[in-house]
Number of protein chains: 2
Amino acid sequence: MINSGVLRDHGLRVTGPRIAVLDAVARLPHSDTLGLIAEVRGSLPSVSVQAVYDVLRTLTDVGLVRRIEPAGHPARYERRVGDNHHHVVCRACGVLEDVDCALGSAPCLEPSTTNGFTIETAEVTYWGLCPTCQALPARPADDVGQP
Amino acid sequence: MINSGVLRDHGLRVTGPRIAVLDAVARLPHSDTLGLIAEVRGSLPSVSVQAVYDVLRTLTDVGLVRRIEPAGHPARYERRVGDNHHHVVCRACGVLEDVDCALGSAPCLEPSTTNGFTIETAEVTYWGLCPTCQALPARPADDVGQP
DNA sequence: ATGCTTTCTGGAATCGTTCAAGTAACGCTC
DNA sequence: GAGCGTTACTTGAACGATTCCAGAAAGCAT
């Protein structure tokens, strides 16, 4: 398994669920926990829901995956970590895609006032309409997420 | 009531709960729904939880208040709308403050690739430590929100 | 192999929020 | 300024995503 070493390098025990989840996140970027559970069960049919939640938390904690939590949507995960990229979320259907940073390297933004805060990360989320939803007639009632 | 006109101007009926909630959001910026319920009940002891949720949704929909949903935290509200400002969130205690836009006016950021998306808003959230939590000894177990 | 520790399973519980049905009240018209 | 239709509120239950808990299973250092 190509991921065993990665897990060990981060001080984690190598277990079936961890390898499978890490693999699933790599294969299905930006999918939510339920989607990942389905994917993981393709190779490991007996994993419990809680195992996947737990593994995702652990992997996020050690920095092996990145958690994305767009307002009004369940958390999504991706393997692209360490670089400085952001996300676009479709206001209508919730689809999410990567957007490379508009301005140099991480952290790409310096706030004009920090109010005494120590800034560690700047998270940028763009909201708009994906190509598919632009083509669709407006259906206000079906809007989802951030207004 | 100073807010009656504002409500009517946005095509909303003027009701006690609406005036009280709008007032509470102005008085207590960045507080969550539960905090606002408590505040509203100061002047209107009998409002129901759901009334406040409903009013907040309505006010957000018409653009009278802005909803902020930092990852891992309940939604917060503020009356500052229309201008282009962002937020800093304390990773340790969850405190949230305004940050004026680092770069010009709204939308302050143009992503380098839009992947065919129509971008409507750019939302920037800074994560770090507030002055108080910087002074405190590190307590990893109590960390909250985005890692 | 042995044993200690971490992680998994299964089930229940939690939080913030929304839904549903009935009652109340806003505000337009007469 | 009373009546009426529509919209908002109340009460109570339900929901989805996630976490907590206790016990069983499995990793890995010895």
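Naming: A, B, ... by sequence-line order, numbering from 1 per chain. On a predicted model such as this, the values are computed, not experimentally measured, just so you know. No hydrogens, no waters, no symmetry mates; every other heavy atom, side chains included, goes into these values.
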Please classify the nucleic acid contact of B:Ser46 as base, sugar-phosphate, or nothing, using heavy-atom distances under 4.0 Å. sugar-phosphate

Please report the closest heavy-atom contact between A:Cys90 and A:Cys130, naming both atoms and the distance. SG-N, 3.3 Å

Are any of the side-chain heavy atoms of A:Ile19 and A:Ser4 separated by less than 4.5 Å? yes

Can you check whether A:Tyr53 reaches A:Thr33 side chain to side chain, under 4.5 Å on heavy atoms? yes

Of all residues at least two apart in sequence or in a different chain, which pass the salt bridge (charged side-chain N to carboxylate O under 4.0 Å, His left out) check with A:Arg27? A:Asp23, A:Glu39

Ring pair (Phe, Tyr, Trp, His ring centres under 6.0 Å) partners of B:His85, counting only residues at least two apart: B:His87

Do any N or O atoms from the side chain of A:His10 and from the backbone of A:Val6 form a donor-acceptor pair under 3.5 angstrom? yes

A correct 5'-to-3' footprint of nucleotides 22-30 of chain D, with B, S and - meaning base, sugar-phosphate only and no protein heavy atom under 4.0 Å, is ----BBS--

Which is the 5'-most and which the 3'-most nucleotide of DNA chain C that has an atom under 4.0 Å from a heavy atom of chain A? C:dT5 to C:dA12

Minimal heavy-atom distance between A:Pro131 and B:Gly116, with the atoms involved, is CG-O, 3.5 Å

Side chains of B:Glu123 and A:Val124 in contact at under 4.5 Å (non-hydrogen atoms): no

Which residues pass the salt bridge (charged side-chain N to carboxylate O under 4.0 Å, His left out) test with A:Arg80, sequence neighbours left out? A:Asp83, A:Asp98, A:Asp100

Footprint string (nucleotides 14-21 of chain D, 5' to 3'): B base within contact, S backbone only, - free, heavy atoms under 4.0 Å: ---SBBB-

B:Thr60 side chain reached by B:Arg66 side chain, heavy atoms, under 4.5 Å: no

